[in-house]
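See below for the structure under consideration.
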Number of protein chains: 2
Amino acid sequence: MLAPSAVKASARASRLKKSVETRFDRRQSEILDHATSVLCAKGYAGASMRDLSRATGMSLAGLYYYFESKERLLYLIQKHTFTTIVQQLKVRLASETDAEGRIRIFILNHLEYFLANQKAMKVLSHEDDVLENGFGTEIAALKRGYYRICVSLMDELKQEKGLEFSSRIAVMSLFGMMNWIYTWYKPRVDGGAVDLARQMGDTFLTGIGSKQLRKRSSTK
Amino acid sequence: MLAPSAVKASARASRLKKSVETRFDRRQSEILDHATSVLCAKGYAGASMRDLSRATGMSLAGLYYYFESKERLLYLIQKHTFTTIVQQLKVRLASETDAEGRIRIFILNHLEYFLANQKAMKVLSHEDDVLENGFGTEIAALKRGYYRICVSLMDELKQEKGLEFSSRIAVMSLFGMMNWIYTWYKPRVDGGAVDLARQMGDTFLTGIGSKQLRKRSSTK
DNA sequence: GTATAATTAGAACGAACGTTCGACCATATG
DNA sequence: CATATGGTCGAACGTTCGTTCTAATTATAC
């Protein structure tokens, strides 16, 4: 009878009948998709559960069958988005060893995912610090992991090319460049992810690359 | 008896007794300062008038003596912030003719103001599209004007150095770099505006500067 | 086909929202 | 001192908020 999502989740995990993707999961994903649009448009605090209810076509009470709270709904969106982008990045990074090439892969992966999932990425970027306690720290950890990957790529580059600059500020600048996109990007005007990634990659890497530690020392 | 801020404003404007800065203006500014902190911390939609009342030490009803609505309060913060930064920029730009120098001034001005008024600038950046109709279009116009200044600086640079790149994307990338600061900046760790401006200026200008239209053509 | 569980919806909860009203202080001018 | 005006407040308005209860409906298994 009463089966909120927490109870539900463990029940499904222990049973695992025929398909891993249960009806529950499918419906939940659909709802999350619609919810993402609304949260993107109105912001987390500005969007009401009634707004989400309306957008998904599900009753207000029905939503609480799938999500135990509004906060958990945002958490699920953010977690899924972060997990997916990191996972996709790791696959792509595995096939490249050159430091500059790896940073270009990072940029391309970020921008491609960003443009392909603009609404979710805006919700991720814009509602960065609204989750509290447990939810908040978990998402913050995912974010830190993602940032750390980028920092280590930057360190690789510095070592490989004998450069000297603050990895932290470089990474933050790069993320700023890329994440700010959600405030201005227009598909018709600004081209696709590949072009954008090349342009931002050129600008960033050439700029960063000029900070030689000492004159000419290509290999260690 | 009944004297909401709209009526008040015109009354003060027509009288202009001894000091231009009336008690009303002073108190209103104080409230706006406190309100900025709250809006920065909780977001526009997430902050209630009761939160602002608590932070300013003024009663809920008292707030409405100074601001006819919550929306207008945000509008006043954004308008003041934008106006001030643009005005300060114009003064500084007047004393420099070199294209690269002017862009460096733009960056420095933006970052200095940003770091000196972090909360207001976060409210400006983060609550970019929450104002509607009249309020919204006026702030949007101020923003467009500010952006256009930067675009024209970029065009100057392109012409002066014979470069070829998209001014729009360059400007947006630069703003992303700078505005993203509010998500990561820690005074103790990341230094002051001058250092940051030099670092970002170097990165950006060197990166952008590599996009020669053709080899060597310094002047028109 | 009936029992059992998964899914949905209507109606309501108390709390908090933005805003308003009318009555109070404070201050300064006559 | 009287009186007008600028400033402030407590209390309440009607609405909407996130959430929950209970009952009805639908899918699944025997």
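Reminder, nothing fancy here: chain letters follow the sequence lines and each chain counts from 1. Heavy atoms only: backbone and side chains are in, while hydrogens, waters and symmetry mates are out.
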In residues 49-57 of chain A, which ones come under 4.0 Å of DNA chain C, going by heavy atoms? A:R50
Could you tell me whether the phosphate oxygens of D:dT8, OP1 or OP2, come under 4.0 Å of any side-chain nitrogen or oxygen in B:Y65? no
Centroid-to-centroid, B:F82 to B:Y113, below 6.0 Å? no
Rounded to the nearest Å, what distance is computed from the CZ atom of residue A:F24 to the C1' atom of nucleotide C:dA5? 14 Å
Between P of D:dT20 and NZ of A:K70, the distance in whole Å: 15 Å
Output the rounded distance in Å from CG (B:L60) to P (D:dC13). 15 Å
Within this structure, what is the CG-to-P distance between A:L63 and D:dT20, rounded to whole angstrom? 13 Å
B:Q28 CD to D:dG6 P: how many Å, rounded? 15 Å
Would you give me the side-chain donor-acceptor pairs under 3.5 Å for residues 171-182 of chain A, sequence neighbours excluded?
unit_1, atom_1, unit_2, atom_2, d
A:S173, OG, A:I169, O, 2.8
A:N179, OD1, A:H110, NE2, 2.7
A:W180, NE1, A:T183, OG1, 3.3
A:Y182, OH, A:H126, ND1, 2.7

To the side chain of B:Y66, which of C:dT8, D:dT8, C:dA11 is closest? D:dT8
Is B:A45 touching bases, backbone alone, or none of the nucleic acid, heavy atoms closer than 4.0 Å? nothing
Round to a whole Å and report the spacing from CZ of B:F67 to C1' of C:dG18. 15 Å
Looking at D:dG6, I'd like to know if its phosphate oxygens (OP1 or OP2) sit under 4.0 Å from a side-chain N or O belonging to B:R27. no
Take the protein atom CZ of A:R23 and the nucleotide atom C1' of C:dT7, then report the distance between them rounded to whole Å. 6 Å
Phosphate oxygens OP1/OP2 of D:dT20: is one of them under 4.0 Å from a side-chain N or O of A:Y64? no
Under the salt bridge (Lys or Arg N to Asp or Glu O under 4.0 Å) test, residues paired with A:E100 that sit two or more places apart: A:R104, A:K161
Does anything in residues 51-63 of chain B form a salt bridge (charged side-chain N to carboxylate O under 4.0 Å, His left out)? List the pairs, not counting sequence neighbours. B:K42-B:D51, B:D51-B:R54
Which nucleotide in the set D:dT19, D:dT20, D:dT8 lies at the smallest distance from any side-chain heavy atom of A:S69? D:dT19
Mind jotting down which residue pairs meet the salt bridge (charged side-chain N to carboxylate O under 4.0 Å, His left out) criterion with at least one end in residues 165-189 of chain A? Sequence neighbours excluded, please. A:R168-B:D190
B:Y75: partners by ring pair (Phe, Tyr, Trp, His ring centres under 6.0 Å), with sequence neighbours left out: B:F135
Side-chain N or O of A:S48 less than 4.0 angstrom from OP1 or OP2 on D:dT16? no
Does B:F165 have B:K158 sitting over its ring (NZ/CZ under 6.0 Å from centre, angle to axis within 45°)? yes
Per atom distances to the B:A61 side chain, the nearest of D:dA27, C:dC21, C:dA11 is C:dC21
What's the CD-C1' distance between B:E30 and D:dT8, to the nearest Å? 15 Å
